[in-house]
J.: 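If you scroll down you'll find the structure; I have some questions about it.
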Amino acid sequence: MSSEGTNFIRARIDADRAVGRHGGAVRTRFPPEPNGYLHIGHAKSICLNFGLARDYAGTCNLRFDDTNPTTEDPEFVDGILADVRWLGFEPDAVLYASDYFEQLYLWAEQLVRDGKAYVDDQDLEEIRATRGTVTEAGTPSPCRGRSPAENLDLLRRMRAGEFVDGAKVLRAKIDMAHPNMKMRDPLMYRIRHAHHYRTGDAWCIYPMYDWAHGQSDALERITHSICTLEFANNRELYDWFTEALGFEEPPKQLEFARLNLTYLVMSKRFFKRIVEEGRVDGWDDPRMPTIAGLRRRGVTPEAIRAFAEHVGVAKANSTVDLGLLEWFVRDDLNRKAPRRMAVLDPLEVELTGLPAPLALDAPEFPRDVRDLPGAPPEGVDWQAVRTVSMGSRLLIERSDFAAEPPPGFRRLVPGGLVRLRHGPVVRCDAVERDAAGEVTRLRCAVVDDPEARPRGVIHWVDAASAVRVKVKLYDRLFAVPSPGERTGELLDDLNPHSLVVADGWAEPSVAAAGPGSRLQLERHGYVYRAPQDEGADLVLTLVVGLKDVWAAKEEGVVLSDEPEEDEVDPAQVAAEQARIKADARTAHFLEHPDAESAFTALTTAGASDDAAWTIATDATLRSLAETASAHAPPGAVGTWIANVLVNELKMREASAEGVDGVALGRLVALVEDGTLSAALGKKVLAVILDEGGDPRAIAEARGWVQVSDAAALEAVVDAVLAAHPDEVARYRAGEAKLAGFLMGQVMKASKGKANPGVARGLLDAKLG
RNA sequence: UGACCCGUGGUCGAAUUGGCAAGACGUCUGGUUCUGGCCCAGAAGGUUCCAGGUUCGAGUCCUGGCGGGUCAACCA
């Protein structure tokens, strides 16, 4: 199992395996449509699906969902396959929905024969108009009543190409008044005389997503079909199709929240637009959140995988801070990228006191990198040292000198000392300026005093040996955390400085770093040299900058004030809520007098309003309560039905129909007279629901009798207290919440049989 | 105002299925340091959306409300 904890999908898989579904196998798939490039959001899905297959020793297919010939392109299938492999996953099979067209068609004929699908002659507008709205039912097509034989003939002629595009469609025959719009006779096939990149001209009808997807999953014997939240409404249809075709152990669809990141949008359409408008340099522009873009930026697959695992999988819409992705990129590169020095905005330094050029040994990594968690990367010699020469003419970063330093400035100042990284400490003796007052050159002297206390350490390059580098300083694509929010136009929020090219100088060994290598330019960030050089120049791209506490402080990031919360009086809220509830109830009772009498009867018998309402508005529960009330106090029966029974039924997805009212009443009586505690009563109820029977007999057969005897419970309480001395001490030290924990232990020790009231009294007394 | 899904520190997200509200990022201290990086130690930050109910005990169950998302392509 992954070290990154659990999530609802894993919980579901564990539960399915526990009951032996699919023989405990896990088969997933990643199903992109080849109509664009994959982005970081897809990476999350890829890591999820392939990660599940890996952790459960299952399989994961890559399946191209290529059911729409007009948008798809083989260019994208190649790109997608390359991206998946680059991320580090090898599909167990590379498959295409288009390979299933024949089977899909055969199944469609089957549904037609079964009267579960029909051919509709209505055009696009008519279908749209008769679908209804979210609050109004749709109206059936005039073609809905066609006979299976006629439909079959029409479908075959559709396939044979007798009709023009849009003339006819095949629809599932479900329910035009269904509250879920996806179930209002959804389309299965449309006519499209178009060339498909794989099936060529073999077909002129193409399956819709809903029809193709679940059946493709079933063909591949997928166990868990994982998709994003927006398909949740489609699940009912997914299940309808697999049910209609009668698959055994059909695949089950599970939906999770797609990844959103601040400073980014994850929209294929927007990507397409900025690529076409030339605002970025293609789908793989290093500013793009596409996998290809991240790769060209120099981000490693390891960083993406670690990020994807970390953000987790849930059903709540959420937006992850882009800073988190950047953190994972740094964390990975910190251990992999050899250190180098480069000056991007040079200021000349004339160094005196150097008798001859120095040859300095500079380690590839600082010592402490070795102590990082995780093994050192392969192929990196941690002891490696490169030689850096230092002559009398140096270049330092312009921002590393300040004639008038701000407080806390730990770099070069007139008359001040700094260490030149891997080299000597120097003192700034003179500052040369041009006519405009701009600093043009510094004169510094080597300070040969081992006691010297420099203000800080700065990097440098030797002017005589430095090589020219062009560093593409990439920044976030958007300037604001939520693009498009201000004006509704994404382009308005594009970061104008997302690409700044710096012409700098680097120590010579930077040129020796091979194509495809990653380095840390010390005090700047991590850079990447493209596998293919762009020209004669040495070009590096900034993958991500180093964390920079100083720059953040300089910018003076001001945290916004806490928004003032309006003071609300809970009592007032409660009163208001009660009024709303009461109003709704009176309105309901106006039309349902029987509900009102039941409600009144239950509340006067002592049930709470909520419990009474739950029962009074449900005919089945109402008659159940009536039957049960012959054997136990009606108020208690009401409370039990509303709070315990309803929950149990919900968990087993069962209805109240057929529940034994007499047994229920007797059960409540047993709880009321103290024979059973509430917890034991719940267990007995579960048995009644599962296999039926008399509550007393069930309880006796299993020894489920509440223990109220103080002496017997005292022994249990003593044992628990003795077994948890730390918790007892913490409780006595003031951690009141530990009482709940200890009480839980007592209940557990008594196998749930302790009378909670008595046990609690004992416990409280002993804890003092 | 139909159906479905979702509300847990600033941001993500766990919680053994009713029993001590994890962890990470971010923030703030301090230490270390020849990278203002990394690392180490510590801290702050929560009425688990709200109100009722059930229970010895509720983030978890029930009822209602509020807020957000998705669905009315011959896209996926």
Side-chain angles (χ1 to χ4, degrees), chain A residues 5-7 31 33 35 65 67-68 71 123-124 127-128 131-136 138 165-166 169 178-182 184 187 189-192 208-209 213 229-236 255 257 262 310-312 314-321 323-324 327 330 334 339 366 368-369 371-372 408 410-411 419-423 454 456-459 520 522-523 546-551 553 559 568 570 573-574 576-578 580-581 584 608-611 613-614 639 642-644 646-647 650 678-679 727 730 735 737-745 747-748 756-757 759-761 763:
Chain A
T6 184
N7 57 52
E33 183 189 12
N35 69 346
D65 224 339
T67 56
N68 185 353
T71 56
D123 65 25
L124 200 143
I127 288 176
R128 192 176 295 168
R131 188 149 24 219
T133 69
V134 290
T135 53
E136 300 161 54
D165 286 5
V169 291
H178 202 287
N180 179 354
M181 301 276 313
K182 295 285 182 198
R184 317 246 260 230
L187 273 55
Y189 278 100
R190 73 284 217 191
I191 299 173
R192 194 129 305 171
M208 302 289 293
Y209 165 84
H213 201 87
L229 244 31
E230 65 269 27
F231 291 98
N233 292 338
N234 301 54
R235 187 179 59 236
E236 200 172 1
E255 312 90 23
T262 55
H310 180 88
V311 295
K315 302 192 78 154
N317 291 303
S318 58
T319 303
V320 176
D321 192 332
L324 189 64
W327 184 87
R330 287 191 201 102
N334 180 42
R339 313 292 135 117
D368 51 20
V369 171
D371 300 330
L372 285 172
R410 307 220 309 248
R411 307 173 187 183
R419 177 173 299 280
L420 298 175
R421 174 121 241 232
H422 306 303
V457 181
I458 65 172
H459 63 274
Q520 185 197 98
E522 291 201 71
R523 305 215 298 134
L546 256 26
K547 181 180 169 187
D548 193 343
V549 175
W550 176 248
K553 200 167 286 181
L559 292 167
V568 284
V573 174
E576 172 70 3
Q577 294 268 326
I580 292 171
K581 271 188 190 179
S608 71
D609 284 8
D610 285 343
W613 173 252
T614 302
T639 301
N643 287 294
V644 185
V646 168
N647 180 29
K650 187 183 166 194
E727 283 78 5
R730 279 164 59 203
E735 282 189 65
K737 65 189 173 188
L738 267 313
F741 166 76
L742 292 167
M743 181 64 193
Q745 295 303 311
M747 294 306 292
K748 207 165 280 177
R760 187 65 191 238
L763 186 66

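Worth knowing before you read on, the calculation uses all heavy atoms, side chains too, and leaves out hydrogens, waters and symmetry mates. Each chain gets a letter, A, B and so on, in the order the sequences are listed, and its residues count up from 1. Worth saying up front: this structure is predicted, and the values here are computed from it rather than measured.
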J.: Taking only the side-chain nitrogens and oxygens of A:Arg192, find out if one of them lies under 4.0 Å from OP1 or OP2 of B:A73.
T.: no

J.: Considering only B:C25, B:G2, B:C74, which nucleotide approaches the side chain of A:Trp327 most closely?
T.: B:C25

J.: Let's test this: given Watson-Crick or G-U wobble pairing with both distances under 3.5 Å, identify the partner of B:C61.
T.: B:G53

J.: With rounding to the nearest 0.5 Å, note down the distance linking CZ in A:Arg192 to CG in A:Asn68.
T.: 6.5 Å

J.: Does the structure show a Watson-Crick or G-U wobble partner for B:A76, both distances under 3.5 Å? Name it, or say none.
T.: none

J.: Could you give the NE2-to-P distance, from A:His422 to B:U35, as a whole number of Å?
T.: 9 Å

J.: Starting at atom CG of A:Leu546, determine the distance to atom P of B:U35, rounded to an integer number of angstrom.
T.: 12 Å

J.: State plainly whether the residues A:Arg730 and A:Glu735 are in salt-bridge range, i.e. N to O under 4.0 Å.
T.: yes

J.: Please state how far atom CH2 in A:Trp613 lies from atom C1' in B:G53, giving the value in whole angstrom units.
T.: 16 Å

J.: Rounding to an integer number of Å, can you tell me how far A:Met208 CE sits from B:C71 C1'?
T.: 14 Å

J.: Report the nucleotide, chosen from B:A14, B:G19, B:C75, that has the shortest atom-to-atom distance to any side-chain atom of A:Phe741.
T.: B:G19

J.: With a 4.5 Å cut-off on side-chain heavy atoms, are A:Lys182 and A:Glu236 touching?
T.: no

J.: Got A:Asp609 and A:Lys581 here, is their nearest side-chain heavy-atom distance under 4.5 Å?
T.: no

J.: Counting side-chain heavy atoms from CB outward, which of B:C6, B:G37, B:C75 is closest to A:Lys315?
T.: B:C6

J.: In the structure shown, which nucleotide is the Watson-Crick or G-U wobble counterpart of B:A3, with both distances under 3.5 Å?
T.: B:U70

J.: Once hydrogens and angles are ignored, does a donor-acceptor distance under 3.5 Å link the base of B:C20 to the side chain of A:Arg730?
T.: yes

J.: Which is it for B:U60, anti or syn, if anything within 90° of zero counts as syn?
T.: anti

J.: Quick check: on RNA chain B, is the nucleotide nearest A:Leu738 upstream (toward 5') of the one nearest A:Glu230, or the reverse? Name the residue that is more 5'.
T.: A:Leu738

J.: Does A:Arg330 contact B:G37 through a side-chain donor or acceptor facing the base, at a distance under 3.5 Å?
T.: no

J.: Report the nucleotide, chosen from B:A14, B:C74, B:C5, that has the shortest atom-to-atom distance to any side-chain atom of A:Thr6.
T.: B:A14

J.: Kindly say whether A:Leu546 contributes a backbone atom to a donor-acceptor pair with the side chain of A:Arg523 at under 3.5 angstrom?
T.: no

J.: Check this one for me: any side-chain N or O of A:Arg190 less than 4.0 Å away from OP1 or OP2 of B:C75?
T.: yes

J.: Would you classify A:Val549 as touching base, sugar-phosphate or nothing, given that sugar-phosphate means primed atoms plus P, OP1 and OP2, and contacts are heavy atoms under 4.0 Å?
T.: sugar-phosphate

J.: Looking at A:Gln520, A:His422, A:Arg421, A:His459, which one forms a side-chain contact (heavy atoms from CB on, under 4.5 Å) with A:Arg339?
T.: A:Gln520

J.: Measuring from atom CZ of A:Arg330 to atom NZ of A:Lys547, what distance do you get when rounded to the nearest 0.5 angstrom?
T.: 8.5 Å

J.: Compare side-chain N and O positions of A:Arg128 against OP1 and OP2 of B:A73 and report whether any pair is under 4.0 Å apart.
T.: yes

J.: Is the shortest side-chain N/O distance from A:Ser318 to OP1 or OP2 of B:G13 below 4.0 Å?
T.: yes

J.: Mind checking the P distance from B:C6 to B:G13? Whole angstroms is fine.
T.: 13 Å

J.: Under a 4.5 Å cut-off applied to non-hydrogen side-chain atoms, are A:His213 and A:Thr67 in contact?
T.: no

J.: As a test of reading the structure: which of B:U63, B:U70, B:U35 is closest to the side chain of A:Lys581, going by heavy atoms?
T.: B:U63

J.: Name the residue closer to the 5' end of RNA chain B, choosing between A:Gln577 and A:Ala257 according to the nucleotide with the nearest heavy atom.
T.: A:Ala257

J.: Using atom P in both nucleotides, what's the gap between B:C28 and B:G45 to the nearest angstrom?
T.: 16 Å

J.: Any idea which of B:C75, B:A3, B:G36 is nearest the A:Asp548 side chain?
T.: B:G36

J.: With both distances under 3.5 angstrom, what nucleotide forms a Watson-Crick or G-U wobble pair with B:U47?
T.: none

J.: Have a look at B:A73 and give me syn or anti from its glycosidic angle (syn if within 90° of zero).
T.: syn

J.: Determine the Euclidean distance between corresponding C1' atoms of B:C20 and B:U60; express it in Å to zero decimal places.
T.: 16 Å

J.: From the set B:A51, B:C12, B:C74, return the single nucleotide nearest to any side-chain atom of A:Thr319.
T.: B:C12

J.: Expressed in whole Å, how much space separates the P atoms belonging to B:C25 and B:G68?
T.: 32 Å

J.: Rounded to the nearest Å, what distance is computed from the CG atom of residue A:Leu124 to the P atom of nucleotide B:A73?
T.: 9 Å

J.: Could you measure between the two C1' atoms, the one in B:C4 and the one in B:U8, and give it in whole Å?
T.: 22 Å

J.: What contact category does A:Thr67 fall into here, base, sugar-phosphate, or nothing, at under 4.0 angstrom with non-hydrogen atoms?
T.: sugar-phosphate

J.: Looking at B:G52, B:G69, B:U35, which one has an atom nearest to any side-chain atom of A:Ala574?
T.: B:G52

J.: What's the closest nucleotide to the side chain of A:Asn334 if the choices are B:A76, B:U35, B:C38?
T.: B:C38

J.: Give me the distance, rounded to whole Å, that separates B:C56 from B:G10 when you measure between the C1' atoms they each carry.
T.: 37 Å

J.: How many angstroms lie between atom CD of A:Gln745 and atom CG of A:Leu763, to the nearest 0.5 angstrom?
T.: 11.0 Å

J.: Between the base of B:C20 and the side chain of A:Glu727, is there a donor and acceptor pair under 3.5 angstrom?
T.: yes

J.: Report yes if at least one side-chain N or O of A:Arg411 is closer than 4.0 Å to OP1 or OP2 of B:G36; otherwise report no.
T.: no

J.: Distance-only, no hydrogens or angles: does the A:Asn180 side chain make a donor-acceptor pair with backbone N or O of A:Asn233 under 3.5 Å?
T.: yes

J.: Report yes if a side-chain nitrogen or oxygen of A:Lys547 is closer than 4.0 Å to either non-bridging phosphate oxygen (OP1 or OP2) of B:U35; otherwise report no.
T.: no

J.: For the OG1 atom of A:Thr639 and the CG atom of A:Asp610, what is their distance to the nearest 0.5 Å?
T.: 11.0 Å

J.: Would you check if the side chain of A:Arg184 reaches a backbone N or O of A:His178 as a donor-acceptor pair within less than 3.5 Å?
T.: yes

J.: Take the protein atom CZ of A:Arg419 and the nucleotide atom P of B:G36, then report the distance between them rounded to whole Å.
T.: 13 Å

J.: What is the distance, rounded to the nearest whole Å, between atom OH of A:Tyr189 and atom C1' of B:A73?
T.: 19 Å

J.: Could you check how far CD of A:Glu576 sits from P of B:G64, rounded to whole Å?
T.: 17 Å

J.: Rounding to an integer number of angstrom, what distance separates B:G7 and B:U1 when you compare their P atoms?
T.: 25 Å

J.: Considering only atom C1', compute the distance from B:A15 to B:A73 and round it to an integer number of Å.
T.: 42 Å

J.: Mind checking who B:A21 pairs with, Watson-Crick or G-U wobble, both distances under 3.5 Å?
T.: none

J.: Return a single string for nucleotides 54-62 of chain B, one symbol per nucleotide in 5' to 3' order, where B is base contact, S is sugar-phosphate-only contact and - is none, cutoff 4.0 angstrom on heavy atoms.
T.: S-B----SS

J.: Taking the side chain of A:Tyr209 as its heavy atoms from C-beta onward, which of B:A3, B:C74, B:A76 lies nearest to it?
T.: B:A76

J.: What contact category does A:Gly138 fall into here, base, sugar-phosphate, or nothing, at under 4.0 angstrom with non-hydrogen atoms?
T.: nothing

